[in-house]
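All residue numbers refer to positions in the sequence shown, counting from 1. In this text, all values refer to a predicted model and were calculated from it rather than measured experimentally.
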Amino acid sequence: MSPRRTETGGRVDRLRTIRFTFDGTPYTGNAGDTLASALLANGVTLFGRSFKYHRPRGLLSAGVEEPNALVTVLRGEVREPNIAATMVEIYDGLVAVSQNRFPSLAWDINAVNQLGGKILAAGFYYKTFMGPVFGPLKGTRFWMFCEHFIRRAAGLGRAGIAADTSRYERMNAFCDVLVVGSGPAGLSAAKAAADQGARVILAELEPRFGGSANWSGEAIYGAPAADWAARAVSQLEGHDTVRLLPRTTVWGYYDGNTLAALERVTDHKETPGKGEPRHRYWAIRAKTVVLATGSFERPLVFPGNDRPGVMLAHAAERYANDYGVLPGDRIALFTNNDSAYRSALALRKAGAAIVAIVDVRPELSAEMRSLATEAEAEILSGHAVVATEGGKALSGLKVQRFDMTSGALSGDARSIHADSLLMSGGWSPTIHLASQAGARAEWNPARQAFLPPKQTQQRWPNQQWIGAGAFNGSFSTIEAITEGRAAGLSAAGGAAAPAALPDVEAAPGNPDPAPVFEIKVKGKSFVDFQHDVTAEDVRLAHREGFVSVEHLKRYTTLGMATDQGKNSNVPGLAIMAEALGKPIPEVGTTRFRPPYSAVSIGSLAAERFGDLKPERLTPMHDWHLANGATMYSAGLWYRPMIYGLAGETVEQAYVREARATRESAGIVDVSTLGKIAVQGPDAGEFLDRVYTNMFSTLPVGKARYGLMLREDGLAFDDGTTWRLGEQDFLMTTTTANASKVMQHLEYFLDVIWPELKVHVTSVTDEWAGAAIGGPKARAILAACVTGTAVDNTALPFMGIVRGEISGVPVMICRLSFSGEMAFEVYCGAGYGTHVWETLVEAGKPFGLVTYGLEALGTMRIEKGHVTGAEIDGRTTARDLHLDWMLSKKKPFIGSAMMDREGLIAPERLQLVGLVSLDNRPFNGGAHIVEELDEANPHDSIGHITACCYSPALGKHIALALVEGGKARHGTRAFVSDPLRKRFGPVEIVSNHFYDPDGSRMHG
């Protein structure tokens, strides 16, 4: 028998022994144990060292809120630090090590920091090492000397450098109701919603569903609460519309009721099953969310409250009832509320001796005195713990009379021998997700806690959530089941019907604590155990002017890292409120930010890893690879460069593709173009302000080329916008600028013109696009498009029609980037490959070729169209010969600045074409000079922006920006490229090399 394992009780499998090591020492536990419960069962009290002072620390809690017992788990050479031992399920072969100590956990040399006293107070690194003069170490030199040692001491666990060999997955899920938390409230909500036929996802961060029902010792409908929970889970498993996600932490709440969750799939297994990932990242989009996330018990702040053996009362109750482990043999409790009495009775029944219950309240109810008597505990009402004794384990405590009203202590201190002290300072609802959703917490003076706002006061219509149970501050199981059922019905759209209260047998108790957070006595009293933030540190922040809760957090590090305020938030705010002489609600509270708990970077990257940037693939990506495409990165997108034949060079391939397109037809994937839906009564007016030309007069079923300027009058982006309805436009942008244009539009709608009734939505990923161009393009479309004609009458230049290709709805617009008669065909992204293959098959009799970006770039250079190479943030519409698009009938973004003297100067760089006179290729970025001097290149008059070999002209050509460019047409100059040793004569011509009158495009 383990030293602290009870003979009976708990829900671990006592017939299955698990072997593991901690700091190299072998231990055994039982199946169902966490690392924390298994070590506690083996009599281990020392789990870690504190961040700053390296004080010995033991377990504080039994769940995700654990701040002290952070360990590193080793799997071969891969190490994962800063994992709470309370969340590590043991398995055969588990190897875990403690952190933040040297040379060992028992004997840590850095424990000498405890002698630092006030020198190491909050913010010590900002000021302690500034200014003292020690010989040559004057001023900041002393800081520069100490900085190296401080940075080496910072942090807790040590990150590994070995490659992580684990697999990770990402999943998208959609549901009517997402229930977060599976305690009595969550189970009731999930069952009520499922019974209404709703699609339900139930997420629980623990391995077992049931939450507090598994260890409360209560009875529900005449059966142990754990059995009631098991039956409820079994019923949910029988629903086809329910998905159960154990070991899943919902860690982020984002716009549009999108929530992020992390499922720990194989962390509890010695060897993952075939194909199993280690973690699975879930993006869950829910119509309604039920937050049944429970609450956290708060510690009390008094000297020595961090000593190993001091633990939360509820955690000790869980260790006894859930794991069959006692935190000690002689247990004392320190409380300001009734819940500790239930814990005392549970521990007494498990076999521990309850030596005393120290309660700050002078008057206790008869029910609490009865529970204390049943637990055989001495009651010390109107008393407080003023000190603890012991080294690496608790050996005793001191108590003294305490006046709850004044906070004064009186009489002599009394010593009590105990090896475990359990504290209970009240309960804080776990409102992190609601806070992330935008809800402002409200102080409840009775509960002495921040509660979520009432649903009637919810002002965030895009975040549809309902609270239930302890999340709402309703701490009884009866309230949890009742509120959970009502929340599930409401979330699923069911009508609330009167129901009898659930039959629950539970210990009596008032959930409201006394407003006592700290016992003021000399000595270190810790508020934030993880960062060694003491009560005096909070008062120091007040004295130094850091009184805002956000400044307090950052100055002291209160509530940062994995703690996220779970334990420390309310006590810290209470101490600051007292220092300010204000009530707690006036001090306020910080906003909880995602993630709720640590999230592995591997899960965020999932299947995509090995690069620092994401990879965006078009719907036809696999088809391109299967058909010989050479891909390259165009921004974040992967696009075909060429479809090379055997033995072809890149130049030979693109010349062949471009020539075939101009002679017959070619097709290119344009799914990467930015696509933005602009909708609303004021959409036309908005586009008139955004573009330099008019769009409000554009007829429905037509498209128009548009140019945008920045506010400073310089060119920003170009593209076509299609009018699909009176209030419905589809804007296309360049691939590279899609996100920038979206930000641009949102900024002006949100900040400059909030009165406009317009909604913009990025729909880039909704549409797959193919551009088919060339003399035979119309005939190819006619061969495969049904439901509409595609002749010149039905589909004129810039016209739009809707039809079908192989049964798939498509939208076709006649516009051209290549200079040939061309059409862009859009369909739903999921049908992209199907429509593409149909077009390719229909084009085979006509000699259709697929072409990539090299051929696309060649044809656009031949035609003289501009891209981001020319719209480079320094050019104007006039520089690019697009001044014909500058409306004189209306103002638009940039119109007030575009005529500045510097932007209309005749010597500005203007777009021109270049023809190589020595028949040698150009290089992008090469300079243009009037006089060639290879030994001393100078006096650049411009530079090349894009170049290629033109199969249509049989020459090497380029686009360039040259001073006074239009006036130089027909003159000669030189290319000067000293880095690549390319010099030679050029002719400056119009940028329109090919079909300047547009007869091929309009024919």
- Task: Verify, without hydrogens or angle tests, whether E442 (side chain) and L451 (backbone) share a donor-acceptor contact under 3.5 angstrom.
- Result: no
- More than 12 foreign heavy atoms under 6.0 Å from NZ of K392: is that the case here? yes
- Message: Could you work out, with salt bridge (charged side-chain N to carboxylate O under 4.0 Å, His left out) as the rule, every residue matching E206, not counting sequence neighbours?
- Response: R318
- Does the ring centre of F51 sit less than 6.0 Å away from the ring centre of H531? yes
- Task: Applying side-chain contact (heavy atoms from CB on, under 4.5 Å), run through L70 and F47 and close with a yes or a no.
- Result: CA-CA 8 Å; L70 302 183; F47 281 74; over 6 Å; no
- Query: Which is it for T534 and V527 under the side-chain contact (heavy atoms from CB on, under 4.5 Å) test, yes or no, and what are the steps along the way?
  - Reply: CA-CA 5 Å; T534 65; V527 181; 5.9 Å; no
- Query: Any idea how Y596 and H432 line up, ring-wise: parallel (<30°), tilted (30 to 60°), or perpendicular (>60°)?
  - Reply: perpendicular
- Item | Counterpart residues, side chain to side chain donor-acceptor pair (under 3.5 Å), relative to R369 (two or more places apart) | none
- Between S597 and W251, is any side-chain donor less than 3.5 angstrom from a side-chain acceptor? no
- Whether T248 side chain and P246 backbone form a donor-acceptor pair below 3.5 Å: yes
- Those residues that, when tested against Y319, pass ring pair (Phe, Tyr, Trp, His ring centres under 6.0 Å) (two or more places apart): Y323
- Query: Would a distance-only check, ignoring hydrogens and angles, find a side-chain to backbone donor-acceptor pair under 3.5 Å from N214 to F209?
  - Reply: yes
- Message: Just to verify, what does W443 make a ring pair (Phe, Tyr, Trp, His ring centres under 6.0 Å) with, not counting sequence neighbours?
- Response: F450
- Between Y341 and T335, is a side-chain contact (heavy atoms from CB on, under 4.5 Å) present by the stated rule, with each step listed? CA-CA 9 Å; Y341 290 80; T335 185; 4.1 Å; yes
- S188 versus R485, side-chain donor and acceptor atoms under 3.5 Å: no
- Examine the side chains of E389 and S395 and answer whether a donor and an acceptor come within less than 3.5 Å of each other. no
- Any residue meeting salt bridge (charged side-chain N to carboxylate O under 4.0 Å, His left out) with R414, in chain and number order, not counting sequence neighbours: E378
- Query: Are the side chain of D419 and the backbone of D329 linked by a donor-acceptor contact shorter than 3.5 Å?
  - Reply: yes
- Message: So that I can tick it off, tell me whether R543 and E536 are bridged by a salt bridge, with the cut-off set at under 4.0 angstrom between side-chain N and carboxylate O.
- Response: yes
- Within the side chain of R307, is there an N or O that forms a donor-acceptor pair under 3.5 Å with the backbone of G390? yes
- If you measure only the distance, is there a donor-acceptor pair under 3.5 Å linking the side chains of E479 and S476? yes
- Item | Main-chain N/O of E376 paired with E374 side-chain donor or acceptor, under 3.5 Å | no
- Message: Looking at D528 and K553, is there a salt bridge between them, counting it only when a charged N and a carboxylate O are closer than 4.0 Å?
- Response: no
- Query: Got E578 and V587 here, is their nearest side-chain heavy-atom distance under 4.5 Å?
  - Reply: no
- Query: Is it true that D537 and K524 make a salt bridge, defined as a side-chain N closer than 4.0 Å to a carboxylate O?
  - Reply: no
- Do the charged groups of D532 and R55 touch, with an N to O distance under 4.0 Å? no
- Give a yes or no on whether R208 atom CZ has more than 12 heavy-atom contacts from other residues, nucleotides or ligands under 6.0 Å away. yes
- Tell me yes or no: between the side chains of R298 and S428, is some donor less than 3.5 Å from an acceptor? yes
- Query: Does the pair E218/R342 count as a salt bridge with the N-to-O cut at 4.0 Å?
  - Reply: yes
- Going through the checks in order, is the side-chain contact (heavy atoms from CB on, under 4.5 Å) test met by V289 and V180? CA-CA 8 Å; V289 179; V180 185; 4.1 Å; yes
- Sequence-distant partners of E505, salt bridge (charged side-chain N to carboxylate O under 4.0 Å, His left out), two or more places apart: none
- Any luck finding a side-chain donor-acceptor pair between S182 and E204 under 3.5 Å? yes
- Query: Can N337 and S424 be counted as having a side-chain donor-acceptor contact under 3.5 angstrom?
  - Reply: yes
- So, does R4 use its side chain to make a donor-acceptor pair with the main chain of P327 at under 3.5 Å? yes
- State, without any angle test, whether N569 and T589 hold a side-chain donor-acceptor pair at a distance under 3.5 Å. yes
- Query: Judged by modelled atom types alone, do D412 and Q400 share a side-chain donor-acceptor pair under 3.5 Å?
  - Reply: no
- Item | Side chain to side chain, L312 and P299, heavy atoms closer than 4.5 Å | yes
